[in-house]
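Comments concern the structure below.
Along the sequence shown, the residues carry numbers beginning at 1.
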Amino acid sequence: FVPFYSFCYQNEHLTPGNETAELDALHLRLLAGLPRFKSDASARHRHLLLFPHEFWDFPSWRITAAEAQLLVVEANPLEWWPTSEGQMARHCMDCFSPQKDVVLP
């Protein structure tokens, strides 16, 4: 279990404006510090990552931690997508895998 509550960290330590990029970098550093996670790709599925919000503030999870099990409160979280006017939020329809992930409503 990787117990990182990003919202609590964000409220205490980050200045509004670039939170997603900063939290993404923080998640990457956290996972890089887990010896079994970084050295053995086959062991990643034995890690449980917590996403306790509707917006998953770890955009790199698909690249870095897709094999891990996810404990989430939203099976279709919001993701930011680029548009001609900037960005818009939309629900991700393939982020949750019922074969390995757990949703707590």
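When the side-chain contact (heavy atoms from CB on, under 4.5 Å) test is applied to Glu54, the partners found at least two apart in sequence or on another chain are Glu74, Leu78, His91. Partners of Ala21 by side-chain contact (heavy atoms from CB on, under 4.5 Å), not counting sequence neighbours, listed by chain and number: Asn18. When the salt bridge (charged side-chain N to carboxylate O under 4.0 Å, His left out) test is applied to Arg62, the partners found at least two apart in sequence or on another chain are Glu79, Asp94.
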Distance-only donor-acceptor hits, side chain of residues 96-105, under 3.5 Å, sequence neighbours excluded:
| residue | atom | partner | partner atom | Å |
| --- | --- | --- | --- | --- |
| Ser97 | OG | Gln99 | OE1 | 2.9 |
| Lys100 | NZ | Ala66 | O | 3.3 |
| Lys100 | NZ | Ala68 | O | 2.6 |
| Asp101 | OD1 | Leu70 | N | 3.0 |
| Asp101 | OD2 | Ser97 | N | 2.9 |

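Evaluated for a side-chain contact (heavy atoms from CB on, under 4.5 Å) with Leu49, the options Leu31, Leu30, Val72 yield exactly one hit, Leu31.
Below 30°, between 30° and 60°, or above 60°: for Phe58 and Phe51 the angle between ring planes is below 30°, a parallel geometry.
No continuous path of ILVMFWY side-chain contacts below 4.5 Å connects Phe55 to Val73, so the two sit in separate hydrophobic clusters.
Taken to the nearest 0.5 Å, the CH2 atom of Trp61 stands 10.0 Å off from the CD atom of Glu67. One distance of note links CG of Leu50 with CD of Gln69; it measures 13.0 Å at 0.5 Å rounding.
Listed by first then second residue, pairs satisfying disulfide (SG to SG under 2.5 Å) with a partner in residues 47-105 read Cys92-Cys95, not counting sequence neighbours.
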